[in-house]
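Scroll down for the structure; my scribbles are underneath it.
In this text the structure is predicted, and so the values were computed from the model without any measurement. Worth knowing before you read on, the calculation uses all heavy atoms, side chains too, and leaves out hydrogens, waters and symmetry mates.
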Amino acid sequence: MEAIDFELYMGYPDATLKLSNNITRAEFAAVLARAADVSGQLGRNWYDGAVDGLSAAGVIPDKSGDWNAL
């Protein structure tokens, strides 16, 4: 509940949280970027800013891979 209170976990566009679901790499990257307070260039994918920010900050080595994977 604290992660929700601190807006680290924002939920889905349909206003649900789906807390029992596994999260994707992209969703984890978004939470991590919010926790680390980093952001980057926006792109065509909703998570591009988070992934770019994490890469620029040196938290992840690069932006490659399947970000929709569980």
Side-chain angles (χ1 to χ4, degrees):
M1 294 310 294
E2 286 185 35
I4 295 167
D5 291 340
F6 286 107
E7 297 181 349
L8 299 177
Y9 193 78
M10 306 293 283
Y12 293 90
D14 65 357
T16 61
L17 291 175
K18 302 179 186 179
L19 296 175
S20 62
N21 287 4
N22 293 325
I23 65 172
T24 65
R25 290 180 68 207
E27 291 166 336
F28 181 76
V31 172
L32 187 57
R34 289 184 198 114
D37 196 23
V38 299
S39 62
Q41 292 289 338
L42 300 178
R44 65 178 183 195
N45 300 302
W46 67 268
Y47 52 82
D48 287 338
V51 173
D52 186 59
L54 291 171
S55 178
V59 177
I60 59 174
D62 59 50
K63 299 181 274 187
S64 64
D66 180 5
W67 289 95
N68 291 310
L70 294 177

Any chain of hydrophobic side-chain contacts (each under 4.5 Å) joining Val51 to Leu42?
no
Is it possible for you to say whether Trp67 and Val59 belong to one hydrophobic cluster, with membership spreading through side-chain heavy-atom contacts below 4.5 Å?
yes
Name each donor-acceptor pair under 3.5 Å that joins a side chain in residues 25-36 to protein atoms two or more places apart or in another chain, with its distance.
from	atom 1	to	atom 2	distance (Å)
Arg25	NH1	Asp66	O	3.4
Glu27	OE1	Thr24	N	2.8
Glu27	OE2	Tyr12	OH	2.8
Arg34	NH1	Leu8	O	2.8

Who pairs with Asp62 by side chain to side chain donor-acceptor pair (under 3.5 Å), at least two apart in sequence or on another chain?
Ser64
Salt bridge (Lys or Arg N to Asp or Glu O under 4.0 Å) with Asp48: which residues, sequence neighbours excluded?
none
Let me confirm one number: the CG-CG distance from Asp52 to Asn45, rounded to the nearest 0.5 Å.
12.0 Å
Do any N or O atoms from the side chain of Asp14 and from the backbone of Thr16 form a donor-acceptor pair under 3.5 angstrom?
yes
